[in-house]
Q: 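Can you read through this structure? Questions will come right after.
Here is how names work: the chains are called A, B, and so on, in the same order as the sequence lines, proteins then strands, and each is numbered from 1. Just so we're clear, the structure is a prediction, and the values are computed from it rather than from any experiment.
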Amino acid sequence: MPDRPPRFFTHVYRLVAQVPRGKVVTYGQVAALLGAPRAARAVGTALRHLPRSLTKKVPWQRVINASGGISLRGDVVRAEEQRWLLEEEGVAFNRNGKVNLEKYRWRGPKNWKAPAWDARL
DNA sequence: ACGATGACAGTTT
DNA sequence: CAAACTGCCATCG
């Protein structure tokens, strides 16, 4: 059994797990909702390390970049899978492979309160 | 502890 | 509009 994911990672997973089908969020948005508006890059790191055991529970495909595009640069296969999964649930891509964020962006959970993930216990 | 790393983002060319 | 630059952050050896 591998080690449990770091705190920050698990918070990312818990939030992303709430993104409804057919909606998307950006890395920066996730970071902001977690109370760390500049940690967008770290959110990407967290998703890159998403345990296989959680791929079924965490809709990682619903997280895209601020430009409305897929960010998996190196992994082309994975990138195609992400687009396929999103189209599968009704998210449309324009000719440039971008999603209309104004239309598909998820605004976040109701009465959401940023977790104190960075608090030292 | 320090520097390298990467599924980012905003600004400037 | 796209590529280049620059700042930022949690993790990892």
Q: Mind running a 4.0 Å heavy-atom check of residues 80-96 of chain A against DNA chain C and sending the residues that fall below it, in number order?
A: none

Q: Nearest 0.5 Å, what's the CG-OG1 distance between A/Leu15 and A/Thr10?
A: 11.5 Å

Q: Can you list, pair by pair, the side-chain donor-acceptor contacts under 3.5 Å of residues 109-116 of chain A, counting residues two or more places apart and other chains?
A:
from     : atom 1 : to      : atom 2 : distance (Å)
A/Trp112 : NE1    : A/Leu33 : O      : 2.6

Q: Please list all pairs passing the side-chain hydrogen bond (donor to acceptor under 3.5 Å, both in side chains) test where one or both residues lie in residues 73-84 of chain A, with sequence neighbours left out.
A: A/Arg83-A/Glu87

Q: Run the numbers on A/Asn94 and A/Asn100 for side chain to side chain contact (heavy atoms under 4.5 Å, CB included), then give the verdict.
A: CA-CA 8 Å; A/Asn94 63 25; A/Asn100 183 331; over 6 Å; no

Q: Determine which pairs satisfy salt bridge (Lys or Arg N to Asp or Glu O under 4.0 Å) with at least one residue from residues 62-71 of chain A, sequence neighbours left out, and list them in order.
A: A/Arg62-A/Glu89

Q: Who passes ring-ring contact (aromatic ring centres under 6.0 Å, His included) against A/Tyr104, sequence neighbours left out?
A: none

Q: For each nucleotide in nucleotides 8-13 of chain B, reading 5' to 3', give B when a protein heavy atom comes within less than 4.0 Å of its base, S when such contact involves only the sugar-phosphate, and - otherwise.
A: BS----

Q: Using residues 18-29 of chain A as the side-chain source, report each donor-acceptor pair under 3.5 Å to any protein atom, sequence neighbours left out, with the distance given to one decimal.
A:
from    : atom 1 : to       : atom 2 : distance (Å)
A/Gln18 : NE2    : A/Arg14  : O      : 3.4
A/Lys23 : NZ     : A/Lys103 : O      : 3.1
A/Thr26 : OG1    : A/Gln29  : N      : 3.0
A/Gln29 : OE1    : A/Thr26  : N      : 3.3
A/Gln29 : OE1    : A/Arg105 : NH1    : 2.8
A/Gln29 : NE2    : A/Trp106 : O      : 2.5

Q: What is the nucleic acid contact for A/Arg38, judged by heavy atoms within less than 4.0 Å: base, sugar-phosphate only, or nothing?
A: sugar-phosphate

Q: Distances under 3.5 Å only, N/O to N/O: pair up the protein atoms with those of nucleotides 11-13 of chain C.
A:
from   : atom 1 : to     : atom 2 : distance (Å)
C/dT11 : OP1    : A/Phe8 : N      : 3.1

Q: List the atom pairs, with distances to 0.1 Å, where a side-chain N or O of residues 35-60 of chain A and a protein N or O form a donor-acceptor pair under 3.5 Å, not counting sequence neighbours.
A:
from    : atom 1 : to      : atom 2 : distance (Å)
A/Thr45 : OG1    : A/Arg41 : O      : 3.2
A/His49 : ND1    : A/Thr45 : O      : 2.9
A/Thr55 : OG1    : A/Arg52 : O      : 2.8

Q: Is there a path of hydrophobic side-chain contacts, each under 4.5 Å between heavy atoms of I, L, V, M, F, W or Y residues, that connects A/Val91 with A/Ile64?
A: yes

Q: For A/Asn65 and A/Ile70, work out which heavy atoms get closest and say how close.
A: ND2-O, 3.8 Å

